[in-house]
Amino acid sequence: MDNYLLSIVIVTWNTAQITLNCIKTINKFLKDKIDYEIIVVDNNSTDNTKKVLSKEKIKYIYNPKNSGFAKGNNIGVKQSQGKYIFFLNSDMEIIDDRLIEMLQYYQNNPSTGLIGPKFLNLDLTPQGSVFPPQTIFNAFKEFFLGINNSYSKYTPKTNKPLSVWSISGGAMLISKELFIKAGEWNEKYFMYFEDLDLCRSIRKLHKKIIYYPQFKVIHAHGQSGKNLASSQNQWRRLIPSSLKYHGFINHYLINSTIWLGQKFHSFFG
């Protein structure tokens, strides 16, 4: 039985202070304004995460194995008591209480399946959080023809809610009922592409993906996963999940298109 209106699920791994900052911004802007709970799933951190978070009013779940982003979130949902779930990366900070408005929009628009805010960099400049369709043709348009926002993440130029193809999993809201109906996060992904996969599942249920720019979050991009690989090899983390999402042939066709397009422009540019 749901006891809260909203459950905020945060997966963390060796980001103690960053996660604490995230929690403090939630409580700063939402306390006494909405009925919510915060659930932190600790994916076997080896830092002082448990000690740092011990004084916070949260539901702390220690996972004895780093199971990845998708499974960590699913673990959190299974322990949640909210009617709606807001998935939030540990390296996020909210800057006002407009999450409440985004939730109200979701409640008042039953065609909406998933909804997410506008992302900001640390200097408050826009950060891409919306994906165009991830097709070979769109990769060709962007990397050969130079048509921006055809394939890479971008920020729509609007101040109103907008139906889009897919949004980043760093911050997204969904009803628990629909989340379960969609099959939850696909645990075959350890990290990356699970958001595209979930959005695909929502579209198959004939629900909309909504970008909601009135609510903004600051995203210290990459902080939650920076310890997984050196900066020179960060791109390699994408390959296993890309293969699972696109399939073998499309993965190599898309990435070959991107690579050849970049080489083409570096040679002729």
Heavy-atom pair with the smallest gap, counting every atom of [X] and [Y]:
X	Y	result
Leu162	Pro156	CD2-CB, 3.8 Å
Thr12	Thr15	OG1-OG1, 2.6 Å
Gly113	Lys207	CA-CB, 3.6 Å
Ile202	Ala182	CD1-CB, 3.8 Å
Ile94	Thr25	N-OG1, 3.2 Å
Gly169	Phe69	O-CZ, 3.7 Å

Side chains of [X] and [Y] in contact at under 4.5 Å (non-hydrogen atoms):
X	Y	result
Ile209	Trp165	no
Ile10	Ile38	yes
Thr125	Leu120	no
Asp91	His219	yes
Leu53	Ile58	yes
Phe144	Leu260	yes
Glu187	Glu194	no
Ser80	Lys176	yes

Hey, could you give me the [atom1]/[atom2] distance between [X] and [Y], rounded to the nearest 0.5 Å?
X	Y	atom1	atom2	answer
Asp35	Lys83	CG	NZ	12.5 Å
Asn255	Leu243	CG	CG	8.5 Å
Gln79	Ser7	CD	OG	11.0 Å
Arg98	Gln104	CZ	CD	11.0 Å
Tyr106	Leu173	OH	CG	7.0 Å
Ser129	Met172	OG	CE	9.5 Å

Single-linkage hydrophobic cluster, 4.5 Å side-chain cutoff, [X] and [Y] together:
X	Y	result
Ile218	Ile8	no
Ile85	Ile26	yes
Leu145	Phe137	no
Phe119	Leu124	no

Ile95/Val217 under side-chain contact (heavy atoms from CB on, under 4.5 Å): CA gap, chis, key distance, verdict: CA-CA 6 Å; Ile95 59 175; Val217 295; over 6 Å; no
Does [X] reach the main-chain N or O of [Y] with its side chain, forming a donor-acceptor pair under 3.5 Å?
X	Y	answer
Ser150	Ile147	yes
Asp197	Trp185	no
Ser54	Lys51	yes
Lys118	Gln127	no
Ser45	Asn14	yes
Ser90	Thr19	no
Asn63	Lys65	yes
Asn109	Ser111	no
Thr112	Leu114	no
Ser241	Tyr192	yes

Any chance [atom1] of [X] has more than 12 other-residue heavy atoms, nucleotides or ligands included, within less than 6.0 Å?
X	atom1	result
Asn108	CG	yes
Glu177	CD	no
Lys244	NZ	yes
Tyr62	OH	yes

Result of checking Val9, Leu20, Val11, Ile23 against Val40 for side-chain contact (heavy atoms from CB on, under 4.5 Å): Ile23
Over 60° means perpendicular and under 30° means parallel, so tell me whether [X] and [Y] are parallel, tilted or perpendicular.
X	Y	value
Tyr105	Tyr212	tilted
Phe179	Phe87	tilted
Tyr189	Tyr245	tilted

Candidate pair Tyr151 and Ile258, rule side-chain contact (heavy atoms from CB on, under 4.5 Å), full reasoning: CA-CA 10 Å; Tyr151 185 85; Ile258 293 171; 3.8 Å; yes
Distance-only side-chain donor-acceptor flag, Ser152 / Glu142, under 3.5 Å: yes
Among Lys28, Lys33, Lys31, the one residue meeting salt bridge (charged side-chain N to carboxylate O under 4.0 Å, His left out) with Asp97: Lys33
Check: His246 ring centroid to Phe193 ring centroid under 6.0 Å: yes
Residues Glu56, Lys24: salt bridge by 4.0 Å N-O rule: yes
Chi angles and distances behind the side chain to side chain donor-acceptor pair (under 3.5 Å) call for Tyr154, Asn148: CA-CA 9 Å; Tyr154 71 103; Asn148 291 333; over 6 Å; no
For Glu184, salt bridge (Lys or Arg N to Asp or Glu O under 4.0 Å) partners two or more places apart: Lys78
Test side-chain contact (heavy atoms from CB on, under 4.5 Å) applied to Phe86 and Leu103, step by step: CA-CA 9 Å; Phe86 183 48; Leu103 173 57; over 6 Å; no
Trace of the side-chain contact (heavy atoms from CB on, under 4.5 Å) decision for Leu178 with Leu205: CA-CA 9 Å; Leu178 181 62; Leu205 295 173; 3.8 Å; yes
